[in-house]
Amino acid sequence: MTARPSSLPVQVGQNAPIDLFFEKEARGWTNRYLSRTYQQRRNLVLSVVFEELSKTRKKRAEYRALDFGCGAGVFVGALSTMGISVTGVDRSRAMIEAAQSRLRARSHTEFELLRDGSRNDGAYRQRSYDLVLCLSVLEFVVSPEEIIAHLAALLAADGLLILTVPNRNSYLRRFERFAFDHPSFNRWLPGLNHLALQDCYLRHQTQQFTAEELVHSTKRLGLEVEQHRFHVAPTLCAPIEKLEKVGMMMLLSFRKRIHTG
């Protein structure tokens, strides 16, 4: 994982292009999950959560989750319906406001705006969590290793961290990058026209990842990988999207082990 040096877990409040991008996207963010791709991502994450809940001895009301980079609260809402206490945090004020508006009457939920990079800022930092989600966040931050270390510190012993990130080993990702870098190519494939838009997400990505890099970077944090899955591909490639060289996204889950003696 190639990370750029930074003293902040997330840089906020600078009116950077990435902040403006998510401010603009906030109003229609939940509508993204009507698409096949986002529904698939949602179902995959929730299947891992369901599996985890089936193994815990904790009562649902005692189980606490953190959605770091919660956006408009899609997963916060889904987890709260399971009876879990969920905290959603995000650096975008518009996203937090959209989440609060949509889930105002929902119990077991709370939201916080990431105001700055202070390690003591935010009530969410004063708790530990049985489950931490960090979904499609690391590709947009300056220093993903700092984010992972920050989240590992918030994870309770035997807790589970779930990450989703773009898969750099995917041939489809490489093709997407080629099309992005060569906009004239897109006239032959109209389905790629979105890559030429001014607000294309690739303009804001700092990096993509491999499973090996993420597993290696988490070992020193007491995190042990439990599973990784590759997913998301155009319909034509869907039958083989679980292959590392195909799936454009990957999900990894890590268990926090406390070694004694």
Side-chain angles (χ1 to χ4, degrees), residues 1 3 6 8-12 18 22 29 32-33 38 41-42 44-49 52 63-79 84 86-92 95-96 99 109-114 117 119 122 124-125 127-156 159-168 201 204-211 213-232 248-256:
M1 187 163 33
S6 171
L8 305 180
V10 179
Q11 292 183 339
V12 298
I18 182 61
F22 283 112
W29 194 254
R32 287 176 176 263
Y33 285 86
Y38 277 80
R41 187 178 306 178
R42 178 182 184 275
L44 178 58
V45 171
L46 293 181
S47 70
V48 177
V49 174
E52 180 68 5
Y63 200 89
R64 181 169 287 278
L66 171 68
D67 187 354
F68 187 85
C70 66
V74 172
F75 285 94
V76 172
L79 295 183
I84 299 173
V86 193
T87 299
V89 301
D90 202 278
R91 67 192 237 169
S92 167
M95 286 289 190
I96 290 293
T109 65
E110 62 181 1
F111 295 94
E112 289 187 32
L113 177 67
L114 289 171
R119 293 290 181 181
Y124 87 95
R125 299 171 185 262
R127 310 186 187 105
S128 63
Y129 300 90
D130 304 292
L131 172 70
V132 175
L133 305 183
C134 184
L135 311 176
S136 297
V137 171
L138 297 180
E139 60 265 38
F140 296 110
V141 302
V142 174
S143 185
E145 289 180 332
E146 288 189 18
I147 295 290
I148 295 173
H150 175 61
L151 298 180
L154 296 175
L155 199 61
L160 192 72
L161 169 64
I162 301 176
L163 306 176
T164 64
V165 293
N167 172 23
R168 195 171 75 235
Y201 62 91
H204 306 289
Q205 275 192 8
T206 60
Q207 56 216 302
Q208 298 177 358
F209 303 84
T210 69
E213 289 171 336
L214 286 171
V215 171
H216 177 76
S217 69
T218 57
K219 286 183 178 179
R220 63 181 178 80
L221 302 173
L223 298 176
E224 295 180 359
V225 65
E226 290 211 338
Q227 60 179 300
H228 61 270
R229 307 183 191 180
F230 303 97
H231 61 291
V232 176
M248 298 178 72
M249 295 292 296
M250 60 181 172
L251 177 148
L252 297 95
S253 64
F254 299 89
R255 182 77 59 187
K256 186 172 184 178

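Numbers here are sequence positions counted from 1. Small disclaimer: the values here were computed from a predicted structure and weren't measured.
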Short question: side chain of K256, backbone of G222 - any donor-acceptor pair under 3.5 Å? no
Search all heavy atoms of I96 against all heavy atoms of G88 and return the closest pair with its distance. CD1-O, 4.3 Å
Measuring from atom OG1 of T164 to atom CZ of R229, what distance do you get when rounded to the nearest 0.5 angstrom? 13.0 Å
Taking the side chain as everything from C-beta on, heavy atoms only, tell me whether R32 gets closer than 4.5 Å to V74. no
Is there a side-chain contact between F140 and R91, using heavy atoms and a 4.5 Å cut-off? no
One should read off an interatomic distance between L66 CG and E112 CD, to the nearest 0.5 angstrom, of 9.0 Å
Can you tell me how far CG of D90 sits from CZ of F22, rounded to the nearest 0.5 angstrom? 8.0 Å
Measuring from atom OG of S136 to atom CZ of R41, what distance do you get when rounded to the nearest 0.5 angstrom? 4.0 Å
Sorted by chain and number, sequence neighbours left out, side-chain contact (heavy atoms from CB on, under 4.5 Å) with A99 holds for F111
Could you report the tightest heavy-atom contact between A211 and H228, atom names first, then the distance? CB-CD2, 4.3 Å
side-chain contact (heavy atoms from CB on, under 4.5 Å) partners of E110, counting only residues at least two apart: R64, T87, R127
Do L138 and I148 come close enough that some side-chain heavy atom pair is under 4.5 Å? yes
Apply side chain to side chain contact (heavy atoms under 4.5 Å, CB included) to L131 and L79, showing your working. CA-CA 10 Å; L131 172 70; L79 295 183; 4.2 Å; yes
What pair of heavy atoms forms the shortest contact from V141 to Q207, and how long is it? O-NE2, 3.4 Å
Under the side chain to side chain contact (heavy atoms under 4.5 Å, CB included) rule, what do M249 and L44 come out as? Steps first, then yes or no, please. CA-CA 11 Å; M249 295 292 296; L44 178 58; over 6 Å; no
Could you tell me whether R168 and E139 make a salt bridge, using a distance below 4.0 angstrom between a side-chain N and a carboxylate O? no
Of all heavy-atom pairs linking L160 and E52, the shortest is CD2-OE1, 3.8 Å
What distance separates L251 CG from L163 CG, expressed to the nearest 0.5 Å? 8.0 Å
Quick one: CG on L252 to CG on L214, what's the gap to the nearest 0.5 Å? 5.5 Å
Sorted by chain and number, sequence neighbours left out, side-chain contact (heavy atoms from CB on, under 4.5 Å) with S128 holds for A156
Among M248, M250, Q205, the one residue meeting side chain to side chain contact (heavy atoms under 4.5 Å, CB included) with P166: Q205
Which atom pair, heavy atoms only, marks the closest approach of F75 to R42? CZ-CA, 3.6 Å
Give a yes or no answer on whether the side chain of S253 reaches the backbone of I162 with a donor-acceptor pair at less than 3.5 Å. no
Closest contact, heavy atoms only, C134 versus L151: CB-CD1, 3.7 Å
Give a yes or no answer on whether the side chain of Y124 reaches the backbone of F68 with a donor-acceptor pair at less than 3.5 Å. no
